[in-house]
Visitor: 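Next up is a structure, given as structure tokens.
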Amino acid sequence: MPFTVAIVGRPNVGKSTLFNRLVGRKLAIVHDLPGITRDRREGRASLMGVDFQVVDTAGFEELGGDSIEARMRFQTDRAVEEADVALLLIDARAGVTPLDRHFADHLRKAKTPVILVANKCEGKAGAPGLYEAYGLGMGEPVPVSAEHGEGMYELFEALMPHAQKAGVVLDDEDEDEFPPFPDETAEAAEAEVESDPGRPLTMVIVGRPNVGKSTLGNQLLGEERLLTGPEAGLTRDAIGVEWIHGGRAVKLVDTAGLRRKANIYDAVEKLSVANTLESIRRAEVVVLVMDAAQILDKQDLTILRLIADEGRALVVAVNKWDVVENPQVALGRLRDRLETSAPQVKGVRTVTMSALNGRGIPQLMDAVIDSWTVWNRRIPTAQLNRWLAEVIERHPPPALPGGRRYKIRYITQVKARPPTFALFATKPDELPESYVRYLVNGLREAFDLKGVPIRLFVRGGRNPYADKGA
């Protein structure tokens, strides 16, 4: 029986969104209308390399008898009973409600251990609800944003004691023995299977309203396939069209414009924005289109950071470049702004273009393919560790309290799409964030990972690959 996690809570707190985040696919329907989920839904989930079974449940209701709600409640109780641990989700933006308190008391009587999770903690709006959650008496709440993928490492750390109790084997916490390199042949066999060359590359076009996204789509497709016009907000749904570029299948997705959240009141626009965000999550390469007259304004940077947080490959396309009066000055301003405001995608590929007359379109597609290639790149472990040894010798990490040397043992790439690395070290919590950034920048420069997000997780104990040799 695999390690099993049940997600529970009152209706509409984000249980299905968290379920979809953990399983990595949109299996559960997500909607503002409470009560969409009525039965248990199970899926195979993975978090930081640990696989487990996750169960999405119906929202807790107080109704009894033989009503639908009562039967839903029974299924939820069964899911909790059969799980190794339950996640009690609350909506931090709404705060702790009487129904949350009622079901916290109900779960306290169960034998299954419970982890309190405060969802929707992105930004500052969830802070009051997060602090209020301490009053439920269920320990320290784990702040997450299931929609944006924030707080997943903190959730991983909260789950791990229960996983170990259920028999999940984690890293050996030996801090003295330096692990040997894994066998490169074994590592290659475990590498991700390359994408089917016949499968279309998913390219999503995003940006503020009226910057020329649909016009760009039509220029790429060579036909008036997408509705265009001077009015902002013509595109409401994400439109996907497949075509062939240079002998390669590409699926182009045109999306609704993303305005500042404070300016969105219409329910249809809210659904359009949600659809655009989902398209970004499913993308391989995202083309961020901006207006040359307003290069990298605040909303452009917000969208760029969202793309980076989702780990997508990125290309910046500056449209309407043909009307710029001083191109060199404008280009210098763009590069300076990217350097200072978007370090997480340092070296991002930037193309100046005109969607209306087709200028820069070939260069745009070259940048898309280049960014996709880097996003999929894998680096051999031995090569990574030779680089690591040189980096540490040139700039060793700060000493631990008492003058003890901080020991970094090993680095390996755990996945691509985006490039993701695990660094094994003593006292992982004490490695300064500044040194982690130094290593990320070094990886970017040494292995030509420019313009894509890089994930680097610092772990303690022996590395899990040490005993997987031939």
Visitor: Between Glu284 and Lys251, does any NZ, NE, NH1 or NH2 come within less than 4.0 Å of an OD or OE carboxylate oxygen?
Guide: no
Visitor: Out of curiosity, Thr350 OG1 to Leu314 CG, how far, rounded to the nearest 0.5 Å?
Guide: 8.0 Å
Visitor: Against Phe421, only a single residue in Thr412, Val458, Leu388, Leu384 fulfils side chain to side chain contact (heavy atoms under 4.5 Å, CB included); can you say which?
Guide: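 Testing Phe421 for a side chain to side chain contact (heavy atoms under 4.5 Å, CB included) against Thr412, Val458, Leu388, Leu384 leaves exactly one candidate, Leu384.
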Visitor: So does Glu339 have more than 12 non-hydrogen atoms from other groups sitting under 6.0 Å from CD?
Guide: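 12 or below, so no.
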Visitor: Heavy atoms only: give me the nearest Val452-Val345 pair and the separation to one decimal.
Guide: C-CG1, 4.4 Å
Visitor: Hey, is Asp322 close enough to Arg359 for a salt bridge, meaning N to O under 4.0 Å?
Guide: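 The answer is no: the pair does not qualify as a salt bridge.
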Visitor: For a side chain to side chain contact (heavy atoms under 4.5 Å, CB included) check, start with the C-alpha distance between Ile90 and Val117, then their side-chain angles and the critical distance, and finish with the verdict.
Guide: CA-CA 6 Å; Ile90 68 164; Val117 180; over 6 Å; no
Visitor: Using side-chain heavy atoms (C-beta onward) and a distance below 4.5 Å, is Leu252 in contact with Leu220?
Guide: yes
Visitor: Counting only N and O atoms by type, is there a donor-acceptor contact under 3.5 Å from the side chain of Thr420 to the main-chain atoms of Pro418?
Guide: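 Judged by distance alone, yes, a pair lies under 3.5 Å.
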Visitor: Is Glu433 atom CD crowded by more than 12 heavy atoms from other residues, nucleotides or ligands, each under 6.0 Å away?
Guide: yes
Visitor: Is the closest basic N to carboxylate O distance between Glu390 and Arg386 below 4.0 Å?
Guide: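 No, this pair does not count.
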Visitor: Indicate yes or no for a side-chain donor-acceptor contact from Tyr406 to the backbone of Lys427 under 3.5 Å, with no hydrogens or angles considered.
Guide: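 Yes; judged by distance alone, with no hydrogens or angles, the pair exists.
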Visitor: What are the two closest non-hydrogen atoms of Leu443 and Leu449, and how far apart are they?
Guide: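 Taking every non-hydrogen atom into account, O-CD1, 3.9 Å.
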Visitor: For Arg44, look at atom CZ and say whether over 12 heavy atoms of other residues, nucleotides or ligands are found less than 6.0 Å away.
Guide: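 Counting neighbours around CZ of Arg44, 12 or fewer heavy atoms of other residues, nucleotides or ligands fall under 6.0 Å, so no.
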Visitor: Could you tell me if the side chain of Val351 sits less than 4.5 Å from the side chain of Asp366, heavy atoms only?
Guide: no
Visitor: Please determine if Asp300 and Arg208 form a salt bridge, counting it only when a charged side-chain N lies under 4.0 Å from a carboxylate O.
Guide: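 Here Asp300 pairs with Arg208 in a salt bridge, since their nearest N and O are under 4.0 Å apart.
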Visitor: Of all the heavy-atom pairs spanning Leu338 and Val348, show the shortest one and how long it is.
Guide: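 So the minimum-distance heavy-atom pair works out to CD1-CG1, 3.9 Å.
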Visitor: Side chains of Leu277 and Thr255: closer than 4.5 Å at any heavy-atom pair?
Guide: no
Visitor: Report yes if the side chains of Pro397 and Leu431 come closer than 4.5 Å at any heavy-atom pair, otherwise no.
Guide: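 The answer is yes; the side chains approach within 4.5 Å.
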Visitor: With no hydrogens and no angle check, is any side-chain donor or acceptor of Arg417 less than 3.5 Å from a backbone partner on Asn376?
Guide: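 Not a single qualifying donor-acceptor pair exists.
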Visitor: Take a 6.0 Å sphere around CG of Leu356 and say whether it holds more than 12 heavy atoms from other residues, nucleotides or ligands.
Guide: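 Counting neighbours around CG of Leu356, 12 or fewer heavy atoms of other residues, nucleotides or ligands fall under 6.0 Å, so no.
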Visitor: Can a donor-acceptor pair be found between the side chains of Thr4 and Gln53 at a distance below 3.5 Å?
Guide: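 Distance-only check fails for Thr4 and Gln53.
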Visitor: Return the minimal non-hydrogen interatomic distance between Ala330 and Trp321, and the atom names on each side.
Guide: CB-CH2, 3.7 Å
Visitor: On the ring face of Trp372, is Arg248 found with NZ or CZ under 6.0 Å from the centre and within 45° of the axis?
Guide: yes
Visitor: What about His395 and Tyr435, are their ring centers closer than 6.0 Å?
Guide: yes
Visitor: Any luck finding a side-chain donor-acceptor pair between Asn357 and Ser354 under 3.5 Å?
Guide: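 Side chains of Asn357 and Ser354: pair found under 3.5 Å.
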Visitor: Can any side-chain N or O of Thr340 pair as donor or acceptor with the backbone N or O of Asp336 at less than 3.5 Å?
Guide: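 Judged by distance alone, yes, a pair lies under 3.5 Å.
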Visitor: Output the distance between atom NZ (Lys120) and atom CG (Leu18), rounded to the nearest 0.5 Å.
Guide: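 Rounded to the nearest 0.5 Å, the NZ-CG separation comes to 12.0 Å.
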Visitor: List the atom of Ala308, the atom of Gln344, and the distance in Å for their closest heavy-atom pair.
Guide: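 In this case the closest contact between Ala308 and Gln344 is CB-CG, 3.5 Å.
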Visitor: Check Asn319 against Gly212 and note the closest heavy-atom contact, atom names and distance.
Guide: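 For Asn319 and Gly212, the tightest heavy-atom pair comes out as ND2-CA, 3.7 Å.
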Visitor: Tell me whether Glu147 is salt-bridged to Arg21, with the criterion being a basic N under 4.0 Å from an acidic carboxylate O.
Guide: no
Visitor: Is Lys15 salt-bridged to Asp56, going by a charged N under 4.0 Å from an acidic O?
Guide: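 So Lys15 does not pair with Asp56 through a salt bridge.
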Visitor: Would you say Val144 and Glu150 make side-chain contact, with heavy atoms under 4.5 Å?
Guide: no
